[in-house]
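Notes follow the structure.
Each ligand, and each atom within it, is numbered from 1 in the order the structure gives.
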Amino acid sequence: MRILAIETSCDETAAAIIENGTKVLASTVATSIDMHRKTGGIIPENAAREQIVSIIPVITETLAKSMLYWDQVDALAVTFGPGLIGSLLVGVETAKTLSLLWKKPIVPANHLVAHIYANWIDTKEQYSVISDQYSVSHTLNTDHRSPSFPAIALVVSGGHTDLVCMESHQKITWIGGTRDDAAGEAFDKTARLLGLPYPGGPSISKAAEIFFIKTQNTKHKTLNLFPRPMIDSEDLDMSFSGLKTAVSREINSLDPTSLKLRRGELSAQVQEAIVDVLISKSISAIKKYHPRSFLLAGGVAANKRLKEKFQEELAANFLSVSFHVPNPILCTDNAVFIGSRAYFDYNPIPWNKIDVNPELTISS
Ligand code: KG4
Ligand code: ZN
């Protein structure tokens, strides 16, 4: 089955054609990130306007790259939430129109659940297809295996941080998450305080990496300047809003020259605090639910330090749990994982019954 998937929940306009949930026939991602860099974050109306400009060219380009005609596609899939209302509307209304015109079934997808499905894509075989729109090179997963159920997934994106237990593609239960800011939001907000460009995650990660190279990796163990709120609580809840306050307090105690000198170290401190909380809560979830697989997903899953620490921890203490993390290209927003999710939970509904839901949660 071939699914043409559309994703427009935030500042990326994306389309992809996915075969049987795992094979990428074509993928296109247009982003308005440069515009948001200038404003230091996303202004929803600007993002929605850019979606309108990009949506038709992105779908046209995706079909052209796949070498398929529209009538060789079996179904459509589209993100209906959560996200920015204006951005979501562009994708949903476009997909509904195509469904009506082409007489194809349409599957609405939950963006947060769909993020997890980047772990079902075998990027090793398809690197040239998915990397088409990107100039950066990435290391590939060398041993792709599909995740097994039951699985625990940690979804860490710009607006959400959720732990879920997946007993099957249909039975997904929320088991914990942040009570306030998301992990990606914590990266973005603290980066801004540190004077680093948007989006904050990659900026902090890069600054920290340079710091580690300069200090020859000897500093990992002493990066405990910032608090790890709720790390010892019995539940699987997290909290990241205090981090911003702590970083702000530290920065306010510095003059501009000292801040410049300490930017790399402070970036590493922020990253370590966020990573420690995510790992600690995920390990508690693994101990509680005994999954066969552990899956990382969402933009923050592209973070090298997070993956490194997870790999170390699981290899040392949970060898029977298979660890899955998507290729970095598929961690941030794209339509590939929307098409994959729609295949594995194939539930078409009439086009005129589909509505955007900006407040959708991972368990709704
Ligand atoms: O999943 P995503 O692309 O969009 C949402 O659905 O929100 O996630 C975007 C988030 C941003 O907060 C960004 O700073 C973060 O993912 N991010 C990273 C990295 N790359 C992106 N955070 C830490 N390290 C990275 N390498
Ligand atoms: Zn996302």
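Under the 4.5 Å side-chain heavy-atom criterion for Ile, Leu, Val, Met, Phe, Trp and Tyr, Ile210 and Phe212 are members of distinct hydrophobic clusters.
Within 4.0 Å of ligand 1, counting heavy atoms only, the contacting residues are His111, His115, Ser157, Gly158, Gly159, Gly184, Phe187, Asp188, Pro199, Gly200, Gly201, Pro202, Gly298, Gly299, Val300, Ala302, Asn303, Thr332, Asp333.
Residues Thr8 and Val90 approach most closely at OG1-C, 4.3 Å, considering heavy atoms.
In summary, Glu313 and Lys309 do not engage in a salt bridge, as defined by a charged side-chain N under 4.0 Å from a carboxylate O. Between Lys281 and Asp237, no side-chain nitrogen of the basic residue sits less than 4.0 Å from a carboxylate oxygen of the acidic one, so the salt-bridge criterion is not met. A salt bridge does not link Asp188 to Arg192: none of the charged side-chain nitrogens sits closer than 4.0 Å to a carboxylate oxygen.
Looking at Asp333 and the Zn ion (ligand 2) together, the shortest N, O or S contact belongs to OD1.
Here His111 meets the criterion, with an N, O or S atom under 2.8 Å of the Zn ion (ligand 2).
Using cut-offs of 30° and 60° for the angle between ring planes, the Phe149 and His169 rings count as perpendicular.
No close placement of the His111 and Phe80 rings is indicated, their centers lying 6.0 Å or farther apart.
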